[in-house]
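Working notes for the structure below.
This is a predicted model, so every value here is computed, not measured. Numbers here simply count residues along the sequence, with the first being 1.
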Amino acid sequence: MEHPARKITKIAREAERLVLLAMRRDGIGTAEIDCIHAVRPPPGITQTELAAALNSDKPAIARRTASLERKGYLRREPNPEDGRSHLLFPTEKAEGLRNAKADAENLFYEYIMAGLGEAERTAFLSALDTLYTRSKEESRAGFPHIIMDEAKHETEE
């Protein structure tokens, strides 16, 4: 039986679907969005590092990064530590893409929450904040409670 809280995942998928539709209008695909996100956190990443981060093969990454560079989302600079490679950096256009994604998500969430009264909305957002905080804490710790509970469950069977 499906856990009722899985609806959180389903709502997030619908929001992602809306974002992907918006990004496709700008000529950006799912794999390219992943590529841009992976370049952002520590700007200045090689294609080899990017392939490892995305668990993808080097030729696929080379095609994606070349496409994103042509579209103006990435730029290359010589790697000061290795003259044979280049570092990838997001452009201002890539940063604008992040803002466009956040705007689309905000519109979606405002739309679906418009059906809640003020008290329901406040209670829901408070509960959501609690759930998010717990999920981040568990994730940062390596999911010890989930993995432990899963192992315990397997030994009971």
Side-chain angles (χ1 to χ4, degrees), residues 3 5-113 125-154:
H3 194 287
R6 282 206 21 87
K7 289 180 181 162
I8 295 169
T9 302
K10 292 178 178 185
I11 292 168
R13 280 190 198 131
E14 296 302 328
E16 187 64 22
R17 208 168 141 224
L18 171 67
V19 167
L20 291 175
L21 286 173
M23 298 300 109
R24 284 191 186 125
R25 277 186 271 143
D26 291 334
I28 300 294
T30 308
E32 289 177 317
I33 291 170
D34 292 343
C35 206
I36 291 170
H37 286 306
V39 168
R40 262 199 209 111
I45 188 171
T46 65
Q47 281 187 181
T48 301
E49 293 167 333
L50 184 58
L54 294 175
N55 199 21
S56 187
D57 60 39
K58 290 180 188 178
I61 293 298
R63 286 189 301 276
R64 276 186 220 133
T65 56
S67 172
L68 288 166
E69 193 173 10
R70 276 192 309 278
K71 293 174 184 178
Y73 291 99
L74 294 180
R75 64 182 168 76
R76 295 174 194 267
E77 291 183 11
N79 186 345
E81 296 176 13
D82 176 3
R84 298 170 296 155
S85 68
H86 288 83
L87 298 176
L88 298 166
F89 294 89
T91 63
E92 285 185 36
K93 189 174 182 180
E95 294 304 324
L97 189 65
R98 176 174 29 184
N99 295 339
K101 181 181 182 215
D103 290 346
E105 289 169 343
N106 288 340
L107 287 171
F108 177 76
Y109 293 129
E110 285 301 319
Y111 170 78
I112 64 171
M113 290 195 318
L125 292 175
S126 176
L128 195 58
D129 190 49
T130 300
L131 294 173
Y132 177 74
T133 300
R134 284 181 54 86
S135 73
K136 288 307 285 185
E137 289 170 354
E138 185 69 6
S139 174
R140 286 184 182 128
F143 300 102
H145 299 97
I146 310 309
I147 294 169
M148 182 181 63
D149 288 348
E150 185 178 282
K152 181 181 171 188
H153 178 71
E154 288 175 2

Does the side chain of His86 reach to within under 4.5 Å of the side chain of Thr46, using non-hydrogen atoms? no
Any chance you could measure Met23, atom CE, to Leu18, atom CG, to the nearest 0.5 Å? 8.5 Å
Minimum heavy-atom separation for Leu87 and Pro80, please, with both atom names. CD1-CD, 3.9 Å
Least distance between heavy atoms, Cys35 atom then Arg64 atom: SG-CB, 4.3 Å
Please indicate whether Tyr132 has more than 12 foreign heavy atoms, meaning atoms of other residues, nucleotides or ligands, lying under 6.0 Å from its OH. no
With side chains defined as the heavy atoms from C-beta onward, is the minimum distance between His145 and Arg134 less than 4.5 Å? no
Which residue, Leu131, Thr130, Asp129, forms the side-chain contact (heavy atoms from CB on, under 4.5 Å) with Thr133? Asp129
4.5 Å side-chain heavy-atom contact, Arg63 and Glu32: no
Side-chain (Glu138) to main-chain (Ile146) donor-acceptor, under 3.5 angstrom: yes
Taken to the nearest 0.5 Å, the spacing of Leu88 CG from Glu69 CD works out to 7.5 Å
Taking Thr91 for the side chain and Tyr73 for the main chain, is one N or O donor matched with an acceptor at less than 3.5 Å? yes
Rounded to the nearest 0.5 Å, what separation is found between the CG atom of Leu74 and the CD atom of Gln47? 9.5 Å
For the residue pair Arg13 and Thr9, establish whether any side-chain heavy-atom pair is separated by less than 4.5 Å. yes
If you look at every heavy atom in Ile45 and Ala38, which pair is closest and at what distance? CD1-O, 4.2 Å
What are the two closest non-hydrogen atoms of Arg75 and Pro90, and how far apart are they? NE-O, 4.3 Å
Look up atom CZ in Arg24 and atom CD1 in Ile33, then write down how far apart they are to the nearest 0.5 Å. 8.0 Å
Identify the heavy atoms of Leu54 and Asp34 that sit nearest to each other, and give their distance. CD2-O, 3.9 Å
Nearest-0.5 Å distance that lies between atom NE2 in His37 and atom CG in Leu97: 7.0 Å
Looking at Glu14 and Lys10, is any side-chain nitrogen of the basic one under 4.0 Å from a carboxylate oxygen of the acidic one? no
Using modelled atom types only, decide if a donor and an acceptor are shared between the side chain of Ser139 and the backbone of Lys136 within a distance under 3.5 Å. no
Are Leu68 and Ile28 side-chain neighbours, meaning at least one heavy-atom pair lies under 4.5 Å? yes
Between Ala66 and Arg76 the two heavy atoms that sit nearest each other are N-NH2, 3.8 Å
